[in-house]
Amino acid sequence: MKTKPIYHWIKDNCRPLVPEINFNNAEGFVEKQKPLLVLYRNTSDETTLKQFIKAVNSEIRDLIDNTLLVVHLDGNLFKNAIRLANRSLDNIPYIQLDTLQSYHNMDNITAIGDPGFLRTFVREKLQNSDTDSVARPSIFKRLKPSASRYSFPWWIKGTNNSKEEL
């Protein structure tokens, strides 16, 4: 039985190309240790989301999962992240590439409709993330899982192991 075609069909058709990140699922994205391309937006702004998805689909779909993760978020939920990026709710929508070491803002969001613009932005920032003088420390790095996640001291479980994994 050939399961590879079924797997790819399910992956392409049952999972959103650009999922929404929130506080319930953020850790799951960050623990994959891949750069995040994030669209900050107001939830009522469906037009920008559609343009972003269209640009992602046509320009960087091949990079998703292997090289980076692409998500969108509600700016009202992530006000602190917006503030850390020296922005405000008045300055959204905007796009940010967070490499989990540093982040880079795309200042000209209207250019995402230009052929090749999004791919060029992603490639340049991924290749030059360590040498870029405008890069700032990662915002999403703080959301990665704790080193002691899912571990309980041995005295809680009553075993002789130093820790017990779930």
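- Taking each heavy atom of L73 and E20 in turn, the nearest pair found is CA-CG, 4.5 Å.
- Remark: S58 engages no residue in a side chain to side chain contact (heavy atoms under 4.5 Å, CB included) (not counting sequence neighbours).
- The two atoms that bring I21 and F78 nearest to each other are O-CE1, 3.7 Å, heavy atoms only.
- Contact of the K125 side chain with the T99 side chain is not registered, since no non-hydrogen atoms from C-beta on lie closer than 4.5 Å.
- For the pair P93/L39, a side-chain contact is recorded, criterion being any heavy-atom separation below 4.5 Å from C-beta on.
- For the side chain to side chain contact (heavy atoms under 4.5 Å, CB included) test, residues two or more places apart in sequence or in another chain that qualify with L17 are I53, V56, N57, R61, I64.
- Identified under the salt bridge (charged side-chain N to carboxylate O under 4.0 Å, His left out) test for residues 35-44, with sequence neighbours left out: R41-E46.
- Applying the ring pair (Phe, Tyr, Trp, His ring centres under 6.0 Å) definition to pairs two or more places apart or across chains, none involves residues 44-72.
- Taking CD of Q96 as the reference point, atom CD1 of I109 lies at 11.5 Å (rounded to 0.5 Å).
- Residues satisfying the ring pair (Phe, Tyr, Trp, His ring centres under 6.0 Å) test with Y94, not counting sequence neighbours, are Y40.
- A search for side chain to side chain donor-acceptor pair (under 3.5 Å) contacts involving D45 returns T48, not counting sequence neighbours.
- Listed by chain and number, the residues in a side chain to side chain contact (heavy atoms under 4.5 Å, CB included) with T110 are N108 (sequence neighbours excluded).
- The side-chain hydrogen bond (donor to acceptor under 3.5 Å, both in side chains) contacts involving residues 83-92 comprise N80-R83, R87-D107, S88-N91, where partners must be two or more places apart or lie in separate chains.
- A heavy-atom distance below 4.5 Å is not found between the side chains of N22 and D74.
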Show me the donor-acceptor pairs, under 3.5 Å and distance only, between side chains in residues 111-122 and residues at least two apart or in other chains.
unit_1 : atom_1 : unit_2 : atom_2 : d
R119   : NH1    : E59    : O      : 2.5
R119   : NH1    : D62    : OD1    : 3.0
R119   : NH2    : D62    : OD2    : 3.0
T120   : OG1    : G116   : O      : 2.7

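- G75 approaches I82 most closely through the heavy-atom pair O-CD1, 3.4 Å.
- Separation of atoms CG (L68) and CG (L100) is listed at 11.0 Å; rounding is to 0.5 Å.
- What you find for G28 and E31 is that their closest heavy atoms are O-CG, 3.5 Å.
- Looking at residues two or more places apart in sequence or on another chain, you find a side chain to side chain contact (heavy atoms under 4.5 Å, CB included) between K79 and N76, L89.
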